[in-house]
Amino acid sequence: MRIAVVSDGDGGGWLRELGDGTPPAPVRRVGDLAAAVREAEHSGGQPPRWVWADTEDLYPDLVRAGVRVSRCHDASLTEALLLGYRARHTEPHSLGAAWARLHDLPVPDDPVRPLGEGTAAQPALFEADRSTLPPGTDRLDALVEVHADQRGRISGLPSPDRMALLVAVESAGALAAVEMSHDGLPWRPEVHDRVLTEILGPRPRSGQRPPVLADLAAQISEVVGHEVNPDSPAQVLRAMAWVGHPVASTRSWVLEGVDHPLVPLLLRYKELARLYSANGWAWLETWVRELPGGGTGDGPRLGRFRPDYVVGGVVSGRWATRGGGALQIPRSVRSAVRADPGWVLVRADAGQLEPRVLAAVSGDGALAAAAAEEDLYARLAAHVGDDRERAKIGLLAAMYGQTSGDAAPLLATMRRLYPHALEYVDAAARTGEGGGIVRSWLGRTSPAPGDWAATVAAADGDRRRRAHGRFTRNFVVQATAAEWALVLLAALRQELPETPEGGGIVFFVHDEVVLHVPADLAEEAVRAIDRAQTRTRRILFGDTPVRFPLAVSVTDCYADL
DNA sequence: GGAAAGCGCCAC
DNA sequence: AAACGTGGCGCTTTCC
């Protein structure tokens with residue numbers, strides 16, 4: 001059963017059951033939307049699929065009210081996928097935009113979502129309507145109409161089941177994203193502060209460098225013979241030339257090739273300055289919130305990092321985040337990620353996901369045989385007759401479109417041993433070089449290049465064509481890997497046991513999920529992960545021999561993993 | 001004085 | 001060993 005729902009901006013809303021082929025049920029007005037949703041969700045039998053305009057608008061308030069739903073149809077994300085399929089990525093995809101296109105009316109721009117509008121913001125129960133529908137339009141009618149149209153467009157596709165699955169898991173991902181932002185990644189502020197102080201020295205007043213950085217900067221200036229700001233690439237470039245070692249850039253790997261006492265100082269400065277500016281005390285204050293009452297008594301101070309996830313924020317279907325740099329938590333501060341007392345972190349990490357995906361989608365028998373193994377690259381090395389590291393470089397080069405350096409001779413070997421796999425990515429690259437679009441396994445579509453005629457005619461047209469070929473070459477693999485991760489996430493939401501508030505999936509990044517569960521639920525969580533991964537492989541690739549092994553570990557601290 | 005570009009590093 | 005895909009983001013410099 002599907003139930004369309006809109007909120008009234010004041011805690012209540014309207015619901016309407018959607019029958020398959022039968023006339024829709026009458027509209028139901030409810031004063032307490034969260035209570036109505038909770039009731040329908042637990043009324044016995046299979047829970048409904050909630051049809052709504054935008055998960056980011058509706059679901060955070062439900063989650064704050066303590067309500068979780070199992071399934072939804074996010075009309076906005078669905079519209080983006082369907083527009084993308086027709087290579088119309090740049091067109092607005094809100095409910096209002098979809099409705100306007102149905103009625104040949106001017107299409108409104110998508111609303112801009114400023115930072116922190118997710119669950120990170122302070123509770124503001126059922127915020128004002130953010131609809132892009134024209135004033136006076138019945139929002140529930142519009143939603144029902146757009147939803148019916150979307151289902152029709154899906155069923156008209158060459159592979160409707162795949163797009164239906166993609167829509168379902170994209171929507172489930174949106175639910176998971178809101179829940180993860182709400183629960184947050186457990187983060188100990190005092191551990192983070194201790195790490196920073198050990199590496200950088202005590203926290204400085206604002207505007208000053210921490211002691212260790214200040215000392216390094218002074219040493220650098222002393223070696224050069226005059227004041228140098230190591231944060232300025234231009235000044236570092238001049239300083240290197242001044243000491244007799246001109247370099248083309250100040251990138252670390254370039255400097256590493258230079259033998260001069262200035263180099264280790266600069267490299268050390270870069271490393272520490274990065275930590276200070278990207279994940280230093282300012283980051284900690286901005287992004288980690290202590291739980292109310294979490295710091296009482298002798299216990300540790302419990303905090304939460306709550307990034308704002310952007311589902312579908314990357315063309316390939318990977319997620320982006322808004323603020324906090326959640327996709328790049330550096331190893332040096334991961335020791336601050338600790339389970340609460342009595343709880344554990346369960347991490348599941350898909351190893352070698354992209355080559356396995358390539359084996360599955362291309363149907364290459366030899367690569368699939370290697371991908372049936374726990375360590376794909378080791379098996380590859382045996383095939384190729386080379387060491388593991390070089391076999392790995394060869395395959396990655398094939399997927400990324402690298403042609404120079406070490407990879408060139410390896411590629412020829414790869415092409416001979418895994419012809420179908422190589423042809424799969426080569427074909428995608430050829431399409432891209434010709435200005436065409438490619439699709440993932442479930443039908444997510446690469447954006448069409450901008451004015452292609454102008455691109456080709458440009459002075460560097462060849463370079464641009466090849467760059468677009470590398471993009472489409474990688475897209476077919478990366479976008480399908482992202483789908484695998486989305487299906488896993490959706491399956492995991494269903495398989496996981498109920499946990500107390502704050503438990504469940506708390507972090508997700510490309511091919512890795514982190515759960516936070518009471519210690520006595522750890523074993524059950526590990527079993528749930530195992531069931532979810534089995535379902536994921538079967539749902540996506542049927543009876544493929546390819547395995548997608550997940551490294552699962554249970555621990556107190558993310559740095560241990 | 002703020003926006004945008006350029007650089008560089010972090011993650012997968 | 002170093003130019004090969006997707007991103008976020010902070011700092012400096014340049015532009016208006």
Side-chain angles (χ1 to χ4, degrees), chain A residues 115 207 209 213 217 228-238 247-257 266-267 269-280 282-283 286-287 307-310 312-334 349-355 357-358 389-390 392-408 410-411 425 428-429 432 438 440 444 446-447 463 466-482 484-485 507-514 558:
Chain A
L115 186 65
R209 287 191 176 104
L213 276 178
V228 173
N229 175 7
D231 287 320
S232 164
Q235 289 190 36
V236 172
L237 225 48
R238 281 198 294 275
V247 285
S249 83
T250 64
R251 289 170 168 79
S252 303
W253 66 265
V254 170
L255 293 179
E256 278 164 16
L266 285 171
L267 292 175
Y269 183 92
K270 274 168 173 287
E271 186 188 346
L272 301 191
R274 167 78 194 181
L275 173 64
Y276 174 58
S277 70
N279 295 97
W283 182 92
T286 307
W287 294 107
D308 240 8
Y309 296 94
V310 187
V314 179
V315 286
S316 64
R318 300 216 293 205
W319 293 8
T321 58
R322 247 184 321 238
L327 301 184
Q328 36 172 157
I329 300 172
R331 303 197 178 281
S332 47
V333 298
R334 290 188 181 185
D349 186 348
Q352 311 165 341
L353 180 57
E354 296 195 351
V357 160
L358 176 58
E389 206 43 39
R390 281 176 50 81
K392 177 178 171 179
I393 288 172
L395 192 57
L396 292 176
M399 291 191 298
Y400 289 156
Q402 181 185 348
T403 51
S404 60
D406 268 7
L410 289 167
L411 273 175
V425 287
V438 296
S440 69
R444 195 185 301 271
S446 70
R463 195 186 58 79
R466 283 196 300 274
H468 195 65
R470 284 194 299 274
F471 166 60
T472 50
R473 171 190 293 272
N474 186 252
F475 183 94
V476 293
V477 178
Q478 187 182 111
T480 304
W484 182 92
F507 192 60
F508 170 65
V509 49
H510 306 323
D511 58 3
E512 171 187 336
V513 294
V514 179
Y558 194 31

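To find a chain, count down the sequence lines: A is the first, B the second, and so on, and within it residues start at 1.
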Applying a 4.0 Å non-hydrogen cut-off, can you work out what [X] is touching in the nucleic acid: base, sugar-phosphate, or nothing?
| X | answer |
| --- | --- |
| Leu353(A) | nothing |
| Arg466(A) | nothing |
| Val315(A) | sugar-phosphate |

Kindly say if [X] contacts the phosphate of [N], meaning a side-chain N or O under 4.0 Å from OP1 or OP2.
| X | N | result |
| --- | --- | --- |
| Arg470(A) | dG5(C) | yes |
| Lys270(A) | dG8(B) | no |
| Arg331(A) | dC12(B) | yes |
| Thr321(A) | dG7(C) | no |

Nearest non-hydrogen partners of [X] and [Y], listed with the distance:
| X | Y | result |
| --- | --- | --- |
| Arg473(A) | Ala429(A) | NH2-CB, 3.5 Å |
| Ala278(A) | Trp283(A) | O-CD1, 3.3 Å |
| Leu213(A) | Ala273(A) | CD2-N, 3.7 Å |
| Phe507(A) | Ile329(A) | CZ-CD1, 3.7 Å |
| Asn229(A) | Gln235(A) | N-OE1, 2.8 Å |

When you get a sec, tell me which of [options] is the closest nucleotide to the side chain of [X]?
| X | options | value |
| --- | --- | --- |
| Ala320(A) | dA11(B), dG7(C), dG5(C) | dG7(C) |
| Trp253(A) | dG5(C), dA3(C), dG7(C) | dA3(C) |
| Arg334(A) | dC12(B), dC7(B), dC9(B) | dC12(B) |
| Gln328(A) | dG8(C), dC9(B), dT6(C) | dG8(C) |
| Ser249(A) | dA11(B), dG7(C), dG8(B) | dG8(B) |

5' priority, DNA chain C, between Gly325(A) and Gln478(A) [closest heavy atom]: Gln478(A)
d([atom1], [X]; [atom2], [N]) in whole Å:
| X | N | atom1 | atom2 | answer |
| --- | --- | --- | --- | --- |
| His468(A) | dC4(C) | NE2 | P | 17 Å |
| Met399(A) | dA3(C) | CE | P | 19 Å |
| Leu266(A) | dC9(B) | CG | C1' | 15 Å |
| Leu358(A) | dC4(C) | CG | P | 19 Å |
| Glu389(A) | dA1(C) | CD | C1' | 11 Å |
| Leu275(A) | dC9(C) | CG | C1' | 14 Å |
| His510(A) | dC10(B) | NE2 | P | 16 Å |
| Tyr400(A) | dG5(C) | OH | P | 10 Å |

Roughly how far apart are Glu271(A) CD and Ser332(A) OG, rounded to 0.5 Å? 8.0 Å
Going by the angle between their ring planes, with limits at 30° and 60°, are His468(A) and Phe471(A) parallel, tilted or perpendicular?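 If you compare the ring of His468(A) with that of Phe471(A), the planes turn out tilted.
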Leu267(A) side chain reached by Ser252(A) side chain, heavy atoms, under 4.5 Å: yes
Can you build the contact string for nucleotides 10-16 of chain C? Use B for base contact, S for sugar-phosphate-only contact, and - for no protein heavy atom under 4.0 Å. SSSS---
